[in-house]
Amino acid sequence: MSERLSLLHREVDEAAASLERLHAERLQCRRGCHDCCVDGITVFEVEAERIRRNHRSLLDEGVPHPEGACAFLDEQGACRIYADRPYVCRTQGLPLRWFDEQGGETVELRDICPLNEQGPPIEELPAEACWTLGPFESRLAELEQERDRAMKRVPLRELFARSR
Ligand code: SF4
C-alpha cells in the first residue's frame, strides 16, 4: 500500500512538474508562499499513515502552526513534511479544471490562485494545459477503499499530539 501511494505521488509530481514548466512565466509559487496552505485540509488514512510513519517526533513533540493556516507550516511559511505532503498539496498553484453538475448539465469549471492569474485567461487554455481534478482522486480513493472501506478522512491538524 505504501509503495503504491509513493508511486501515485511520484506520478502526480511528474505530471505537475510538466505543467509547472509549461506555465513557468505565470506561476509565482515559491518557498515561503503558503496562500494555498489553508487550515482544515483533510486526508485519507492512507496518506495520514505515511505522515505518521515518517514524522513521528514532529507529531509527538512539535507545535502545530496556529489555527488559520495548515498545522504543518513552519515559522518561515515552509512545509515541514514537504516530501510526504498529501496529494492535494502537490498541484497547488496550477490552473485547475473539473466538472460539475449544474441545472441538469455537466459543466466544466476552472480556477487558479489569484497570484498566478497574470497571463492568457485560463478559460482559453487547452484542457491538457490544466490539471484535471478527478483521475488521481479516484485512484487515491481506491487505495483507501482497499485499506478500509470506511473511507475515513483525517484533519491534518489532528495528527499532532498537541491538537488532540
Ligand atoms: S501539508 Fe504542507 S504543503 Fe500541504 S497544506 Fe500543509 S504546509 Fe502546505
Side-chain angles (χ1 to χ4, degrees), residues 2-98 109-123 125 129-137 139-141 143-144 152-164:
S2 157
E3 278 178 20
R4 287 164 65 199
L5 178 63
S6 296
L7 177 65
L8 186 144
H9 281 172
R10 264 203 310 278
E11 285 181 42
V12 171
D13 288 348
E14 282 169 16
S18 160
L19 288 179
E20 282 162 15
R21 285 193 292 276
L22 184 67
H23 297 296
E25 283 185 20
R26 78 189 301 155
L27 296 184
Q28 304 299 311
C29 308
R30 64 196 178 284
R31 187 180 170 87
C33 180
H34 53 83
D35 284 17
C36 297
C37 299
V38 296
D39 211 348
I41 291 176
T42 64
V43 297
F44 281 131
E45 271 289 343
V46 68
E47 290 193 303
E49 277 176 0
R50 179 175 179 178
I51 298 168
R52 286 193 198 99
R53 196 168 50 246
N54 295 341
H55 301 275
R56 194 70 271 160
S57 63
L58 171 66
L59 297 179
D60 287 347
E61 295 147 30
V63 179
H65 188 282
E67 287 187 18
C70 180
F72 282 106
L73 284 172
D74 70 12
E75 287 169 357
Q76 285 73 46
C79 177
R80 288 182 282 177
I81 55 164
Y82 192 77
D84 297 308
R85 69 201 188 287
Y87 156 71
V88 68
C89 305
R90 294 170 185 259
T91 60
Q92 288 174 344
L94 296 174
L96 304 175
R97 70 189 276 268
W98 68 97
L109 300 172
R110 296 189 177 195
D111 197 15
I112 192 167
C113 170
L115 298 176
N116 296 337
E117 259 172 12
Q118 285 281 331
I122 59 168
E123 292 73 23
L125 295 175
C130 301
W131 185 271
T132 301
L133 301 179
F136 280 107
E137 283 82 352
R139 284 177 55 191
L140 198 52
L143 277 185
E144 179 64 18
K152 186 176 165 222
R153 291 193 73 88
V154 188
L156 286 179
R157 184 168 292 280
E158 284 187 12
L159 297 180
F160 281 85
R162 292 190 192 202
S163 293
R164 293 195 290 272

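As the structure is a computational prediction, the values presented were derived from the model and not from experiment.
With a 4.5 Å cut-off on side-chain heavy atoms, F160 and V63 do not count as touching. Residues T42 and V154 fail the side-chain proximity criterion, which asks for heavy atoms closer than 4.5 Å. Between H55 and D84, some side-chain heavy-atom pair lies under the 4.5 Å cut-off. Between H9 and E47, some side-chain heavy-atom pair lies under the 4.5 Å cut-off. I112 is not listed as a side-chain neighbour of L94, based on a closest heavy-atom distance of 4.5 Å or more. Residues R50 and N54 meet the side-chain proximity criterion, which asks for heavy atoms closer than 4.5 Å. Here the side chains of I81 and C79 are in contact, with some heavy-atom distance below 4.5 Å.
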For a quick test of your reading: what N or O donor-acceptor pairs under 3.5 Å do the side chains of residues 27-34 make, sequence neighbours left out?
{"unit_1": "Q28", "atom_1": "NE2", "unit_2": "R26", "atom_2": "O", "d": "3.4"}
{"unit_1": "R30", "atom_1": "NH1", "unit_2": "Q28", "atom_2": "O", "d": "2.9"}

Review item, side-chain donor-acceptor pairs of residues 68-78, under 3.5 Å, at least two apart:
{"unit_1": "D74", "atom_1": "OD1", "unit_2": "Q76", "atom_2": "N", "d": "2.8"}
{"unit_1": "D74", "atom_1": "OD1", "unit_2": "G77", "atom_2": "N", "d": "3.0"}
{"unit_1": "D74", "atom_1": "OD1", "unit_2": "A78", "atom_2": "N", "d": "2.8"}

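Counting only residues at least two apart or in different chains, salt bridge (charged side-chain N to carboxylate O under 4.0 Å, His left out) contacts with residues 7-20 comprise E11-R139, D13-R90.
R162 meets the salt bridge (Lys or Arg N to Asp or Glu O under 4.0 Å) test with no other residue; sequence neighbours excluded. In this structure Y87 satisfies the ring pair (Phe, Tyr, Trp, His ring centres under 6.0 Å) test with no other residue, sequence neighbours excluded. Residues satisfying the salt bridge (Lys or Arg N to Asp or Glu O under 4.0 Å) test with D39, not counting sequence neighbours, are R157. Taking the salt bridge (Lys or Arg N to Asp or Glu O under 4.0 Å) definition, one finds that E45 meets it with R52, K152, sequence neighbours left out. With sequence neighbours excluded, the residues that form a side chain to side chain contact (heavy atoms under 4.5 Å, CB included) with L109 are W98, D100, Q102, V107. In terms of the side-chain hydrogen bond (donor to acceptor under 3.5 Å, both in side chains) criterion, residue partners of S2 (sequence neighbours excluded) are, by chain and number, R53. Take P114 and apply the side chain to side chain contact (heavy atoms under 4.5 Å, CB included) test, not counting sequence neighbours, and it matches no residue. Remark: E158 pairs with no residue by the salt bridge (Lys or Arg N to Asp or Glu O under 4.0 Å) rule, at least two apart or across chains. Evaluation of the side chain to side chain contact (heavy atoms under 4.5 Å, CB included) rule for C113 yields L115, N116 as partners, not counting sequence neighbours.
Nearest heavy-atom pair, P64 versus R80, reported as atom, atom and distance to 0.1 Å: CA-NH2, 3.8 Å. Pairing each heavy atom of W131 with each of A15, the nearest pair is CZ3-CB, 3.5 Å. Pairing each heavy atom of G93 with each of C36, the nearest pair is N-SG, 4.2 Å. Across A129 and H23, no two heavy atoms sit closer than the pair O-NE2, 2.7 Å. Scanning all heavy atoms of the two residues, the minimum distance from P95 to I122 falls at CB-CG2, 4.0 Å. Here the closest heavy-atom approach between residue L159 and residue I51 is recorded as CD1-CG2, 4.0 Å.
No donor-acceptor pair closer than 3.5 Å links the side chain of E144 to the backbone N or O of A141.
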Assess whether side chain to side chain contact (heavy atoms under 4.5 Å, CB included) is satisfied between L143 and R4, documenting all intermediate values.
CA-CA 8 Å; L143 277 185; R4 287 164 65 199; 3.5 Å; yes

